[in-house]
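Computed from heavy atoms alone, side chains included, the values below leave out hydrogens, waters and symmetry copies.
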Amino acid sequence: MTFSPYYLVLALLLQLFATPSMAEQSYLQPKLKFCVEDTEFPPFNYFQRIDGEKGKSNGYDIDLLKLVFEPLGIEYEVIALPWRRCLKEVNEGIIDGVMSASLNPQRAKDYFYSDAYYYLNPSYFYLKSDFPDGLEIQALSDLESYGNICGIKGFNYLNFGWINLTRLYEINEISSLPTMLQKKRCRFFLARKETLAGTLAINQLHQFEQLLGRSTVPNLQPEPFHMLISRKSVSAELIKKRFDEKVKQLTLNNELDKLLEHHLNELRLSANKNK
């Protein structure tokens, strides 16, 4: 059986104009890689606990990636890494994207970035016993007159209004915060208020959470968070397009709010179970 030139041309055209999902699946091989911070950023990414032991990654970010890529048949994996290594490997093109990242001028230069998909409030925390009447300031720099200010190593605090990063005392992880404050090595700690309570809960620092006073940094808008996408990823354009489209759709349907509330409830249940 022979085919006329017409059918041969038609077959070639069908391959050329394959449906987007078929083209994307071919284009996105091998599977995509995304990373999250291994010290956790609840409710956006955290580890499931089974009998106190850390299991697989869970959270708002993990579910959002599933909602974006699974319907397209696109394979991907999520890995948890130290934050600086995560950013480095995305910058080098080893990993395609990193979730839950704030922006600063250097990051905007080093990476492509998605539309914002949630917002948090920059805040400062202190021991209530140090300031029983609370503490109100006009600018974050006012805190320096009271003592050292701490933050997590590798985090972006430019959106807190904290410009001189050399004077920020960096700690490796949240679990060391109680010791740092109680020994007065830190008088204050910078964090987003929506994430700190969950972070303390999953680290079973419930009693310490009750000792903290907190205030949002004055005169600041809520801080947008994005996926940072590697400029070296062959799939960068497609990742951004599909991610932004899905976030817009889920926002219009109020599904992102429901997803966030689901994970906040998961953390509350876990905290109450472990008290």
Side-chain angles (χ1 to χ4, degrees), residues 28 30-48 54 56-70 72 74-120 122 151-160 165 170 172-174 190-192 194-196 198-199 202 222-247 250 256 259-260 263:
L28 291 172
K31 65 183 176 182
L32 300 176
K33 289 184 180 180
F34 300 99
C35 62
V36 295
E37 185 206 354
D38 67 352
T39 56
E40 303 173 282
F41 197 62
F44 302 100
N45 49 76
Y46 56 95
F47 295 110
Q48 290 180 331
K54 291 181 180 179
K56 65 180 182 178
S57 291
N58 194 17
Y60 177 98
D61 284 346
I62 311 305
D63 285 353
L64 181 54
L65 287 171
K66 184 184 296 186
L67 290 170
V68 173
F69 295 110
E70 282 197 358
L72 299 173
I74 296 172
E75 289 189 53
Y76 68 94
E77 65 176 321
V78 181
I79 54 180
L81 294 173
W83 186 242
R84 284 183 172 179
R85 181 181 166 192
C86 187
L87 291 173
K88 180 176 181 288
E89 294 198 2
V90 173
N91 191 27
E92 292 173 350
I94 299 169
I95 295 172
D96 295 283
V98 52
M99 301 298 288
S100 283
S102 59
L103 275 182
N104 58 32
Q106 188 61 50
R107 289 182 182 179
K109 179 180 177 181
D110 290 344
Y111 308 93
F112 297 124
Y113 52 91
S114 73
D115 294 342
Y117 65 101
Y118 66 86
Y119 295 80
L120 300 179
I152 297 293
K153 187 177 294 184
F155 274 26
N156 170 34
Y157 295 104
L158 191 62
N159 297 327
F160 283 61
L165 298 180
E170 295 182 315
N172 289 320
E173 55 187 41
I174 197 72
L190 304 183
R192 287 86 181 176
E194 295 87 350
T195 64
L196 186 63
T199 303
I202 61 176
E223 182 183 22
F225 279 73
H226 310 258
M227 178 203 289
L228 299 183
I229 304 164
S230 176
R231 289 182 176 271
K232 294 182 180 179
S233 170
V234 296
S235 307
E237 184 179 346
L238 188 59
I239 291 170
K240 175 172 168 55
K241 180 175 184 290
R242 293 305 182 189
F243 188 85
D244 287 349
E245 286 175 348
K246 194 65 174 182
V247 165
L250 293 171
L256 283 186
L259 183 60
L260 181 58
H263 285 287

Trainee: Output the distance between atom CG (Leu67) and atom CG (Leu250), rounded to the nearest 0.5 Å.
Mentor: 6.0 Å
Trainee: About how many Å separate CD of Glu70 and OH of Tyr76, when rounded to the nearest 0.5 Å?
Mentor: 4.5 Å
Trainee: Supply the atom-to-atom distance Phe69 CZ to Lys31 NZ, rounded to the nearest 0.5 angstrom.
Mentor: 14.0 Å
Trainee: Any idea how Phe155 and Tyr157 line up, ring-wise: parallel (<30°), tilted (30 to 60°), or perpendicular (>60°)?
Mentor: tilted
Trainee: Which heavy atom in Ser100 sits nearest to a heavy atom in Asp61, and how many Å separate them?
Mentor: OG-OD2, 2.5 Å
Trainee: When rounded to the nearest 0.5 angstrom, what is the spacing between OG in Ser230 and CD1 in Ile94?
Mentor: 9.0 Å
Trainee: How far apart are the closest heavy atoms of Ser102 and Asn159, and which atoms are they?
Mentor: CB-ND2, 3.8 Å
Trainee: Return the minimal non-hydrogen interatomic distance between Glu194 and Pro43, and the atom names on each side.
Mentor: O-CD, 4.1 Å
Trainee: Between CD of Glu170 and CD1 of Ile152, what distance do you get to the nearest 0.5 Å?
Mentor: 9.0 Å
Trainee: Per the salt bridge (charged side-chain N to carboxylate O under 4.0 Å, His left out) rule, what does the pair list look like for residues 104-119, sequence neighbours excluded?
Mentor: Asp115-Lys240
Trainee: Within this structure, what is the SG-CD1 distance for the pair Cys35 and Ile95, rounded to the nearest 0.5 Å?
Mentor: 4.0 Å
Trainee: Quick check: closest heavy atoms across Leu103 and Ala108, and the distance to 0.1 Å?
Mentor: CD2-N, 4.3 Å
Trainee: Tell me, with the steps shown, if Leu120 and Phe44 meet side chain to side chain contact (heavy atoms under 4.5 Å, CB included).
Mentor: CA-CA 11 Å; Leu120 300 179; Phe44 302 100; 3.9 Å; yes
Trainee: Are any non-hydrogen side-chain atoms of Val36 and Ile62 less than 4.5 angstrom apart?
Mentor: yes
Trainee: If we ignore hydrogens and angles and just use 3.5 Å, is the side chain of Thr195 paired with the main-chain N or O of Arg192 as donor and acceptor?
Mentor: yes
Trainee: Using every non-hydrogen atom in the two residues, find where Gly59 and Tyr46 come nearest and quote the distance to one decimal.
Mentor: CA-CE2, 3.6 Å
Trainee: So Tyr60 and Tyr117, side chain to side chain contact (heavy atoms under 4.5 Å, CB included) or not? Walk me through it.
Mentor: CA-CA 11 Å; Tyr60 177 98; Tyr117 65 101; 3.6 Å; yes
Trainee: Taking atom OH of Tyr113 as the centre, report whether more than 12 heavy atoms of other residues, nucleotides or ligands fall under 6.0 Å from it.
Mentor: no
Trainee: If I compare all heavy atoms of Gly154 with all of Trp83, which pair ends up nearest, and what's the gap?
Mentor: O-CD1, 3.3 Å
Trainee: Does Ser57 form a side chain to side chain contact (heavy atoms under 4.5 Å, CB included) with Asn45? I'd like the steps, not just the answer.
Mentor: CA-CA 7 Å; Ser57 291; Asn45 49 76; 5.9 Å; no
Trainee: Between Glu92 and Lys88, is the closest basic N to carboxylate O distance under 4.0 Å?
Mentor: yes
Trainee: Are there over 12 heavy-atom neighbours, none belonging to Glu77, within less than 6.0 Å of that residue's CD?
Mentor: yes
Trainee: According to ring-ring contact (aromatic ring centres under 6.0 Å, His included), who are the partners of Phe47, at least two apart in sequence or on a separate chain?
Mentor: none
Trainee: Determine whether a donor-acceptor pair (N or O, by modelled atom type, separation under 3.5 Å) exists between the side chain of Ser114 and the backbone of Met227.
Mentor: yes
Trainee: Would you mind reporting whether Leu64 and Val247 have side-chain heavy atoms less than 4.5 Å apart?
Mentor: yes
Trainee: Walk me through whether Phe41 and Phe225 qualify under side chain to side chain contact (heavy atoms under 4.5 Å, CB included).
Mentor: CA-CA 12 Å; Phe41 197 62; Phe225 279 73; 4.0 Å; yes
